[in-house]
Amino acid sequence: MIARVVFDLPVERAFSYRVPTALAGRIGPGQRVLAPFRGRPRLGVVVGMEPADDPALASLDRARDPIAALSPVLLEVAQAVAREACAAWGQVVLRSLPPEARGGAPDGLPEASRVSSGIARARLVVGRERERLIEEGAAEALGAGRGVLVLAPEIELAKAWVRRLRVRCGVEPVLLHGAVPPARRWEGWWALRQGRARLAVGTRSACLAPIPAPGLTVVVDEHDPAHKAPAAPRVHAREVARARAAREGGDLLLTSAAPSLESWYRARAGEAELEETKGDGWPTIERVDLRGAPRDRCLAPPLRAAIARTLGEGRQVLLLLNRLGFGAALRCRECGAVRRCPACRIALTYHLEGRRLHCHLCGLSTPARSLCPRCRGRRLEGLGWGTERVEAEAREAFPGVAVARLDGESARGRRGPAIRRAFQAGAIRLLVGTQMAARLLPHPEVGLCAVVSADATLDLPDFRAGERTFQLLWGLAEALGPDASLWIQSHYPEHYALEAVARRHAEAFYETELAFREELDLPPRRRLARLLVRGPDGAGLAASLGARLRTDAGLAVYGPTPLGDRRWQLLAKGGATLPDALGACLEPLRGRHRLVGGRWELDVDPVELG
DNA sequence: CCTATACGTACC
DNA sequence: GTACGTATAGGC
């Protein structure tokens, strides 16, 4: 017999090994094996067996475990997902397994569960009841003797779901994420594989967990970019979940306060049932126009008054800064808006070198002078204010009020939980924080929540800037009670994302946003891939790769656009077959990643453009 | 003429 | 990814 083996390498091929007679019958697809590779034993996974022999081939050293870590179906899922992401099958497979640990698997696999094909039921659930539907769905599937996988975008959220499901389902869920020690991850993995456990909760690293007879796969906060791996293999957990459900059967449940345009679009096309669970009541939404407001203050007078009122009523206040890593945009001093690309409408990014503005979508490059028709000079201005700054202003404006700050810096060590507890207990009356502070909601004592500058996300140099802003604001509004108010400061108070939140009319946002995406041939209508290039001659390499994609693959290619100092980006636009087109064109260059000039990396269906 | 480094290739 | 081969430059 010959075993086909893949490794954690950025290569397409599987490698062939003879199966020594001593191992015959003990080796099969999905099994981890140690195979001689470049003279040393290397960990690989068997993806296929062939009834042939070739004495010229090397022989497998041994099986790493007595049983296969993955089922043949999950190997197929990994292959399909790898193909869509232009990633190597072996990397998707091996990086989905827990890292190597001491000890081996227990012996014995249960009868292979009969695999049904096709998703039984795909749902996209929005609204306040969505969490209850997850609990119900999980309990129901477990009750029917089926397995359940719940994927959350962050470790903390995964832990919270373990607590909820433990109570609701009466079983101990297997928790799988990057911070769980390898030995414990394998323990849980084998328990699932052997059918001793049927419920798993985890982050994207758990997306290929061996759930026995899956009845339900849940993707919590499906819109969250954290579901996609930030480095190769750049696989999106939501797409793995979809591929799994299509091949393993069972229900697919995607949930979000404000879903991604991709999922909303699919639901609209009939690929999933859109289920809106409306809770009643919406907070009062107040928009503050920052145009013309003094730039040295971060809290406008009407907002200050409202905060004072709220504190006076004995309720708590939350001030949020959504600083999701901003590009160096140029803001006009007069009108406050940043300069945008006339074609793509996304914020232009300022590059010190040559004092030029670049569009990261279409590659437009223009001199930074003549910044704004209404403004004589140009002024580089950071977007938004820091949390410390807002905290200081709040202390000064509301003397005697217990003010605290919750951000990456102040939450370091054991301080985060202490601040959270103090806020929940009411000891802190006004809390200034970043995204992580938003997680404190829902909290009924909060009477006012303010987004200090919605522009921090609206001015991101990303065509999803509007979508991100809408998702953030909608999520906040939903988490606040009807007797609370949400204040939004912005230079674009009439922006349709803000308008839709104020009117509690999500559909209006999605329709407008989709029209914009369709007009510019952007996702979800069409697909994008970005090619990241770096190296001493990144510019030259990017240009030649771009030319190749244009002529050989016939793709619409934008750029190269500079990303900081030595990084360049190309964007390729295509249809459903984009990964195949890219593969066919770039495959001959594989193994030559280090072309003269630098190295390059592909990101198919990027969720964030930098 | 020999050793140091650079890039391209193949890995079973 | 990375060890290894061959091409290439620099050193004596």
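Reminder, nothing fancy here: chain letters follow the sequence lines and each chain counts from 1. The basis for the numbers below is simple: all heavy atoms, side chains too, and nothing from hydrogens, waters or symmetry mates. In this text, all values refer to a predicted model and were calculated from it rather than measured experimentally.
In this structure, A/Glu12 places its CD atom 16 Å from C1' of B/dC12, rounding to the nearest Å. Between the CG atom of A/Leu541 and the C1' atom of B/dG8 there is a distance of 15 Å, rounded to whole Å. A straight line from CZ of A/Phe7 to P of C/dA3 spans 15 Å, rounded to a whole angstrom. Atom CH2 of A/Trp600 and atom P of C/dG1 are 12 Å apart (whole Å). What separates CZ of A/Arg4 from C1' of B/dC11 is a distance of 13 Å, to the nearest Å. Atom CZ in A/Arg13 sits roughly 14 Å away from atom C1' in C/dG1 (whole-Å rounding). Distance CG (A/Leu9) to C1' (C/dT2): 9 Å, rounded to an integer number of Å. We find that CZ of A/Arg38 is positioned 7 Å from P of C/dC4, with the value rounded to whole Å.
Pairing each heavy atom of A/Val92 with each of A/Pro233, the nearest pair is CG2-CB, 3.8 Å.
Within 4.0 Å (heavy atoms only), A/Phe37 reaches at least one base atom of the nucleic acid.
The salt bridge (Lys or Arg N to Asp or Glu O under 4.0 Å) with A/Arg32 is formed by just one residue from the set A/Asp61, A/Asp65, A/Asp8; it is A/Asp65.
The distance from atom CG of A/Leu157 to atom OG1 of A/Thr203, rounded to the nearest 0.5 Å, is 11.0 Å.
More than 12 non-hydrogen atoms from other residues, nucleotides or ligands lie less than 6.0 angstrom from CZ of A/Arg550.
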